[in-house]
Protein chains: 2
Amino acid sequence: MPKGQLKGICFHPSKETKCVTCSLSSLCLPISLNFEDIDQLDKIIKRRQPLKKGEHLFHQGDRFDCVYAVRSGSIKNYAMTNDGEEQITNFHLPSELVGLDGIDCETYPVSAKALETTTVCEIPFARLEELAKELPELRSQVLRIMSRELRDDKQMMMLLSKKNAEQRVATFLTNLSTRFKRRGYSPFTFRLPMSRNEIGNYLGLAVETVSRVFTRFQNSDLIAVNGKEVHILNMDDLSALAGLPDQEQKIPQEAKLASEG
Amino acid sequence: MPKGQLKGICFHPSKETKCVTCSLSSLCLPISLNFEDIDQLDKIIKRRQPLKKGEHLFHQGDRFDCVYAVRSGSIKNYAMTNDGEEQITNFHLPSELVGLDGIDCETYPVSAKALETTTVCEIPFARLEELAKELPELRSQVLRIMSRELRDDKQMMMLLSKKNAEQRVATFLTNLSTRFKRRGYSPFTFRLPMSRNEIGNYLGLAVETVSRVFTRFQNSDLIAVNGKEVHILNMDDLSALAGLPDQEQKIPQEAKLASEG
DNA sequence: TGGTAAATCTGATATGCATCAAAAAAACTT
DNA sequence: AAGTTTTTTTGATGCATATCAGATTTACCA
């Protein structure tokens, strides 16, 4: 539960939702801005009514004009493949920015849909660019966030290209765990905001495969699952599975040294 | 053959390699900068000795300090997976920027290696950020370039997640074709700078599969191949294969309309 | 120029996961 | 609370592509 927020009182958004008082500011755009600068940022940010589950933040093809920071809840990005199938390209948790891949387009290249009741901060991009003129820290922060997303995408490409089903699911779970932890939630016990179907779609696996891997992980006491509730019982083994392919258990430094020749 | 460049005369780099006279400037960082601004950009850019095939621009783990624009030749990005296997995450052609995914890191997250004799422009990132302070157009150009890379990455994720071997190779070839075309080369006849092995690695396929698909494409007169030389004989069909999965041939506008409900 | 190594291609076999089918459980609806 | 739909799970089967093995071509180097 996001601390410091009074739920249900949405009529004084300016009071409830300033960046300065936001518990997420240390993970979000305002990092390393001073109070005055945060205040300026605050002025261009609009707080929107919460999205209900299934509602869209924007559709693929909509005119690009804003990026969004997730405040609570979660968002999925997805595109339609040419044969009309949905392809999920990202899940966004609180403090994460949505819509950055539309910057050099007329229109958003993917859709963004709420996985549950979700609140976001709307940041008109033109005004963000203006403000960035004045605030070097804000400028670098935007670059850093995009750079990090690039890195995450490469990781995802490696997952899709080289990892098997178990490694994919293990990676997915440990990754979520890490992100929850940074946001102040338990890294061991959390609720998946997405369906098995969506997990499979994202990981390049059939639903049935995801389900089977969940079952296998439970049988080996790696995790305990109850619907969307996940408990990680053995983080070490799960992380090992996520990182290391097939055989080869940690051959410590040798590999690194050998490759230098 | 890059026009306007005198090969072999590398002793007057300042003369040969100003952004203003560079044939790639309309695709690279200088887009939409005026002459004066380009001149300022020029001052912070260092031209390096050409890299020979196999030489590194930087290694995964090296301290991040510069981004690079490919001037001629080509670069591959790759990371080592935890079991010591190489995973290629990108190929870069002239005018493309290398190293952007290191911005928020101490160190480069991937290695960059020349696929052939390659010249690059070295752009110290700190100085680029300083200059960006003064030049709003440069600022947006960096954002646009990163945003485009984000979009390309999502496309790649979709390829790895949903497309079969033929679609992957077709996508790869048409994508290369497009990029060569934009750079003034023939979109129908070009030389692959990378090996079959590297293509397979990048596309998440075994070498043998890449080879077989090449053969099949030749048998269906989609392409003609001679070693690394590729001729695209039937661009329409190749593009169709790249874009459209399995069955369903182009159901024109209906899909778009139907999905609006 | 010949000789060796590396890359590419082709065929045979194996396998991990998708697909199909259907039951079980959970989530909505009235 | 009962009925309906949706999601999740489990099992049986098939297929695309990996893997293994070997031939062939190309590249490299003394």
Side-chain angles (χ1 to χ4, degrees), chain A residues 52-54 76 81 83 85-88 115-117 159-173 191-220 223-230 241 245-247, chain B residues 52-54 76 81 83 85-88 115-117 159-173 191-220 223-230 241 245-247:
Chain A
K52 291 194 204 99
K53 176 175 177 168
K76 75 167 171 184
T81 59
D83 61 336
E85 277 195 73
E86 178 175 313
Q87 168 67 45
I88 296 172
L115 291 171
E116 57 197 313
T117 304
L159 175 144
L160 292 170
S161 175
K162 288 259 186 304
K163 292 185 177 178
N164 65 26
E166 297 202 346
Q167 293 167 343
R168 292 182 196 198
V169 175
T171 304
F172 180 73
L173 290 174
R191 192 178 168 283
L192 298 171
M194 69 294 285
S195 69
R196 301 286 189 277
N197 209 331
E198 288 167 323
I199 294 174
N201 184 301
Y202 178 62
L203 294 178
L205 299 172
V207 206
E208 296 93 325
T209 305
V210 175
S211 182
R212 275 185 257 266
V213 172
F214 268 66
T215 306
R216 265 182 270 160
F217 281 2
Q218 288 185 87
N219 292 339
S220 10
I223 61 176
V225 179
N226 184 7
K228 310 221 161 190
E229 291 289 333
V230 173
L241 195 54
D246 289 337
Q247 317 306 69
Chain B
K52 291 193 205 99
K53 176 174 177 169
K76 75 169 172 182
T81 59
D83 60 337
E85 277 195 72
E86 177 174 312
Q87 167 66 46
I88 296 172
L115 291 172
E116 56 197 315
T117 304
L159 176 144
L160 292 170
S161 175
K162 290 257 186 301
K163 291 185 178 178
N164 65 28
E166 297 202 345
Q167 293 167 343
R168 292 183 196 197
V169 176
T171 304
F172 180 72
L173 290 174
R191 191 177 170 285
L192 298 171
M194 70 293 285
S195 69
R196 303 284 188 275
N197 209 329
E198 289 167 322
I199 296 175
N201 184 301
Y202 179 61
L203 294 178
L205 299 171
V207 207
E208 296 93 326
T209 305
V210 175
S211 182
R212 275 185 257 266
V213 172
F214 269 66
T215 306
R216 266 182 269 160
F217 281 2
Q218 288 186 89
N219 292 339
S220 11
I223 60 177
V225 179
N226 183 6
K228 311 222 161 191
E229 291 289 334
V230 173
L241 196 53
D246 290 335
Q247 318 306 69

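Because the structure is a prediction, the values reported are computed rather than measured. Each chain gets a letter, A, B and so on, in the order the sequences are listed, and its residues count up from 1.
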A/E86/A/K76 under salt bridge (charged side-chain N to carboxylate O under 4.0 Å, His left out): CA gap, chis, key distance, verdict
CA-CA 11 Å; A/E86 178 175 313; A/K76 75 167 171 184; 2.7 Å; yes
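- Atom CG of A/N164 is separated from atom P of D/dT19 by 11 Å (rounded to the nearest Å).
- Residues A/K228 and A/P193 fail the side-chain proximity criterion, which asks for heavy atoms closer than 4.5 Å.
- The nearest whole Å value for the distance from the CG atom in A/L203 to the P atom in C/dG16 is 19 Å.
- Comparing atom distances between the A/L205 side chain and each of D/dT9, C/dA18, D/dT17 picks out C/dA18 as nearest.
- Distance, B/R191 CZ to D/dA27 C1': 12 Å, rounded to whole Å.
- Taking atom CZ on B/F214 and atom C1' on D/dT25, their separation rounds to 16 Å, with Å as the unit.
- For the pair A/I223/A/Q218, a side-chain contact is recorded, criterion being any heavy-atom separation below 4.5 Å from C-beta on.
- Rounded to a whole Å, the CZ atom of A/R216 is 16 Å from the C1' atom of D/dT8.
- When distances are taken from the side chain of B/T209 to each of D/dT17, C/dT19, C/dC17, the shortest belongs to D/dT17.
- Counting heavy atoms from C-beta outward, A/V230 and A/F217 have side chains that stay 4.5 Å or more apart.
- Closest to the B/K228 side chain, of the nucleotides D/dT8, D/dA18, C/dT8, is C/dT8.
- Proximity note for A/R212 (side chain, C-beta onward) versus C/dT19, C/dC17, C/dT10: the nearest is C/dT19.
- For B/R168 and D/dA16, the CZ to P distance is 14 Å, given to the nearest whole Å.
- For C/dC9, one of the phosphate oxygens OP1 or OP2 lies less than 4.0 angstrom from a side-chain nitrogen or oxygen of B/R196.
- Backbone-only contact: A/G204 has heavy atoms under 4.0 Å from sugar-phosphate atoms and none from a base.
- Regarding B/L160, its CG atom lies at a distance of 16 Å from the C1' atom of D/dA18, rounded to whole Å.
- Once rounded to the nearest 0.5 Å, the distance linking CG of B/L205 with CD of B/E166 reads 11.0 Å.
- Within the 4.0 Å cut-off from OP1 or OP2 of D/dT6, not a single side-chain nitrogen or oxygen of A/S195 is found.
- Here A/A206 lies in heavy-atom contact (under 4.0 Å) with a base.
- As rounded to whole Å, 18 Å separates atom P of C/dA18 from atom NZ of B/K163.
- Listed nucleotides: C/dA18, D/dT9, D/dC20. Nearest to the side chain of B/E208: D/dC20.
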